[in-house]
There are 2 protein chains.
Amino acid sequence: MKPLIKLASKEEDAKELQYYSKEDQVLLAVDCIIFGFDKKNLKILLVKRDIEPQKNRWSLIGGFLKKSENLDTAAIRVLQRLTGLQHVYLEQLNTYSKIDRDPGQRTISVAYFALIDVASHSFDGIQIDAAQWFNLKKSPQLVFDHNEMVEDAIRRLKRRALTKPIGFELLPEKFTMRQLQNLYESILDKKLDKRNFINKVNTLNILDKLYEKDMSSSRKGSFLYQFDAIKYQQKLDEGLIFKL
Amino acid sequence: MKPLIKLASKEEDAKELQYYSKEDQVLLAVDCIIFGFDKKNLKILLVKRDIEPQKNRWSLIGGFLKKSENLDTAAIRVLQRLTGLQHVYLEQLNTYSKIDRDPGQRTISVAYFALIDVASHSFDGIQIDAAQWFNLKKSPQLVFDHNEMVEDAIRRLKRRALTKPIGFELLPEKFTMRQLQNLYESILDKKLDKRNFINKVNTLNILDKLYEKDMSSSRKGSFLYQFDAIKYQQKLDEGLIFKL
DNA sequence: TTTGTATGTGTGTAAGATACACTTATAAAA
DNA sequence: TTTTATAAGTGTATCTTACACACATACAAA
């Protein structure tokens, strides 16, 4: 039997070269799914859209890729314009291209997801007209295919949480074991056993216990911990995979 | 302390609306990493580029997104044009956007990876000037950032192989345990213990053992197995995760 | 009939995952 | 000063899963 592979003819190549310049150019958008955590709940940052189409509906923050930048840079720019934040955990998620995903315009969108520690960045009381933190479980319907993006991002976040100590991106520099556990319970959306959780985390040996207590949560107070980037890097170098 | 979030001014919005139409349009390419397996080795299908820049160097197969299709459709089209194959496992990988990744033209590329059973599709003797199967370990340097794409694809393939019985996409309908093990050894790039492998696969309970032997590999002959999609679907519904 | 070759098969051991309940430190209230 | 209420902190036994490991068998070819 003969191979099935055929090459495009010379004519087709020529046509393709033509495309190579103008015909099928498209707008590339970047949309950011921004996750935050505020001691108890996993949150997502949304904005009220102030342009048509779908003006005044809730949306992810986004922007268009400029010819002078790559996608990562565009995502950082978009994020900073809205939040003022730099040095945030940011990861490319997926690219969305349904033909009529944006009814106003043929747009392809590359989604990024970001992790932010709400508390240490003075976001507590965000109440600007257009931007607002939503409890992940109580967030509104979004424009276009943004709901799909968020679902995909949650899946990715769960996976990351199980294989990398990514949760630490979402916590303040110093945190209690309970906060860490709350975070993981939010991400994984299930209850964990306190003792087993602590045992596992301690086995990882990537935290420093501080001689300092947080008294806000109980009368006894609870010890604060800090993520130790150096120990973590050593673990990574040893080829360790994290599973919580 | 006050929130840091600021919205773009009306002027900026106006500017953005302007972009919304023309200024920053880009060409979107689709590149496919095509993995194949031929009883013993994991392979990748490459083509010799027949246009400038970098004419005559090895490359992934690719094409440009048309305004009338979404990315998945474009990937399917590109794949079919080269291989004649439809109904192939295809999954979006990542989007590559370095500014000068293609020195000829500002292009952003969405990579897809595909899994093909070489044998059942009569690819054995591919020898057309432009398309060729390479042993994954002995494949040549590629144009642009295609090497990076391939590396990312291999990582993704490893992960998929560990969590989904994806390997079956790469095998003919009927296969021996040894072939399946060879495949997983190729993907994971390590030797596996025969007995443990068989035990694990049997535990999954998603294969049907046929009363039919493949006599080509040994004098004793080895039983053929078949992937049972129904059992597999049941497992999935029960929420099972596969780990080999 | 012999020989060579890849197939096929089970168990003991170590490591890891899970289930589970009481004491303690402290602030606030009495 | 004493009592009380609250979340923090801590260890072990059991089950499950992962891994290491070696020999007999069926058959074709010589």
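These numbers come from a predicted model, not from an experiment. Every chain is numbered from 1 and lettered A, B, ... according to where its sequence line falls, protein lines coming before strand lines.
With rounding to whole Å, F223(B) atom CZ is found 9 Å from dG8(C) atom C1'. The distance between atom CZ of R195(A) and atom P of dC22(C), rounded to the nearest whole Å, is 10 Å. If you take OH of Y225(B) and C1' of dT7(C), they are 10 Å apart, rounded to a whole angstrom. Taking atom CG of L192(A) as the reference point, atom C1' of dA19(C) lies 14 Å away to the nearest angstrom. Spacing between atom CZ of F197(A) and atom P of dT10(D) amounts to 15 Å, rounded to whole angstrom units.
A donor-acceptor contact under 3.5 Å links the side chain of R219(A) to the base of dA5(D). Donor-acceptor pairing under 3.5 Å, judged by distance alone, is absent between the side chain of K220(B) and the base of dG8(C). In this model, a side-chain donor or acceptor of N196(B) finds a partner on the base of dA20(D) within 3.5 Å.
Of the residues near DNA chain C, S222(B) and K243(A), the one whose nearest nucleotide (by heavy atom distance) lies more toward the 5' end is S222(B).
Relative orientation of the F197(A) and Y184(A) rings is tilted, given thresholds of 30° and 60° on the angle between their planes.
The phosphate of dT7(C) (OP1 or OP2) has a side-chain N or O of R178(B) nearer than 4.0 angstrom. Checking the phosphate oxygens (OP1, OP2) of dC19(D), a side-chain nitrogen or oxygen of K200(B) falls inside 4.0 Å.
Judged purely by distance below 3.5 Å, without hydrogens or angles, the side chains of Q233(A) and D237(A) pair a donor atom with an acceptor atom. Inspection of the D31(A) and S109(A) side chains reveals an N or O donor paired with an N or O acceptor under 3.5 Å.
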